[in-house]
Chemist: 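I'd like to ask some things about the structure below.
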Amino acid sequence: MNLPVSSNSRAVVTELQQAGYEAYIVGGAIRDLLLDRTPKDFDIGCSATPEQVRAVFGRRRTRIIGKRFRLTHVTNKGELFEVSTFRKAPREGGRGEQDVRDGEDVPENLIVSDNDFGTSVEDAWRRDFTVNALFYDPVSGELYDHTGMGLEDIKSHTVRAIGEPALRFEEDPVRMLRALKLVGQFDFTLESATENALFASLELLKHASPSRLALELEKIFGSCYGDRHFKAFHDYGLLEFFLPFLEEAWGTPPMERALKLLYERNCRLDEGRYRNSISLAMACMALPFVEQKLGLEPGAPIPPRGALRAAEEVVESIFLPLHMIVRLNLSAEKIIAQQSFFDQGKLTRELLDSHTYPNSRELKIIRSAAAGIDPEQTDREWPLPPSGSERNSGPRRKRPPRKRRDRASAPA
Ligand code: ATP
Ligand code: MG
């Protein structure tokens, strides 16, 4: 089989193999390629320990990271790869760290440390879903489906937990969120035992580590499918345990508008019109609730007074339970508050010099587009950020734009 993996990832695998280790491209990238999607990164799995990976690539090109799950970042020609050592399923009682949500009754089988190295076959079986457990050797072109179901499940668009679903969700409740991301993003269906276990285990999400949930949320906002992910979380009753503020608001006009703005941002990201910015995505979600707090009609001009305070309160209500990175919160709040400059038609030095100007300008464009105004018109109206700034460093038109209908169903 010949899968179009990036040449840099192939080179990293080749170097590991030449040093005598077993190495493959693993996980989401192989799933995405088999689904004819462009992977956002290529993860590598190998028999080398983090220290051995470091010995292969040298100190300058590597960084060993993680505690619960140690792995190595390897750079190749400016591209970063996560290289992890094959794991086996953690031993019973592999607990140790206290990175779980403050809690009384921590589930018996919750895993908080996952650093027992193993073989490639063991590594496939400790993964979350069959569709995420395929290994590809880009040198020989061989594809390995150790669970025996991965390829079939990709073909039939099925999310199937590896092993006993209820136990897998108890070990790591974040897997429920990951299952529903596949539902939202690819229109996959949960296999029935996996679905039953998920419904029965939703409350366990309370015990998940907030920092890991925050990491997943960052990935959701860093993708162009966030609106679809949130819908899947709501449909399956998970949103309540993940972002309760949004669940409570579900179906209300500000929530509908939040999904619409996020959808617009996702389309523009997918079309290569603007770079990927997590804080911009957060601002899209929060803005309609700021409008509500300020007593404004949806899309009405944002007044200069009170906007920042309202943005702070809203961003905190939505994201604080997850300890989103403070820097992201602050940027999202500023991007919202700066809408007042655009809405008053005031181009100040302060606005232009601000490091959030590119994102604020983009939110203004998104708001216009959501109001039915041609985004190109707003784009022409406001000065471009200076070259070399955020706007121009993004992935502009890396791939040909796809039709919006193919990407996502537009919210009503
Ligand atoms: P994405 O496109 O969002 O990156 P992904 O499946 O590649 O999707 P990653 O978080 O990059 O997600 O994880 C890489 C791989 O590691 C997964 O495909 C899966 O095989 C494995 N994995 C990730 N998280 C878990 C988990 N909580 N439990 C078991 N395996 C996991
Ligand atoms: Mg990945």
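Indexing begins at 1, ligand by ligand and atom by atom, following the structure's order.
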Chemist: Is it the case that atom CD in E248 sees more than 12 heavy atoms from other parts of the structure closer than 6.0 Å?
Modeler: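 12 or below, so no.
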Chemist: Is the side chain of E191 donor-acceptor paired with the backbone N or O of T194 at a distance under 3.5 Å, no angle test?
Modeler: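 Judged by distance alone, yes, a pair lies under 3.5 Å.
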Chemist: Run the side-chain donor-acceptor check on residues 363-375: report pairs under 3.5 Å with partners two or more places apart or on a different chain.
Modeler:
from, atom 1, to, atom 2, distance (Å)
K364, NZ, D343, OD1, 2.9
R367, NH1, Q339, OE1, 2.9
R367, NH1, D343, OD1, 3.1
R367, NH1, D343, OD2, 3.2
R367, NH2, D343, OD2, 2.8
S368, OG, K364, O, 2.9
S368, OG, T378, OG1, 3.1
D374, OD1, E376, N, 3.1

Chemist: Output side-chain donor-acceptor pairs under 3.5 Å for residues 73-85, partner residues at least two apart or in another chain, one line each.
Modeler:
from, atom 1, to, atom 2, distance (Å)
T75, OG1, R61, O, 3.3
N76, ND2, N8, O, 3.0
E79, OE1, N8, ND2, 2.9
T85, OG1, A48, O, 2.8

Chemist: Quick one: ring-ring contact (aromatic ring centres under 6.0 Å, His included) pairs with a partner in residues 32-58, sequence neighbours left out?
Modeler: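 Sorted pair list comes back empty.
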Chemist: What residues sit with at least one heavy atom under 4.0 Å from ligand 1?
Modeler: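 The 4.0 Å shell around ligand 1 contains G27, G28, R31, K40, D43, R126, R127, D128, N132, D172, R175, R178, K181, R212, K219.
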Chemist: Quick one: does any side-chain atom of N132 pair with a main-chain N or O of D128 as donor and acceptor, under 3.5 Å?
Modeler: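 Such a contact is absent between N132 side chain and D128 backbone.
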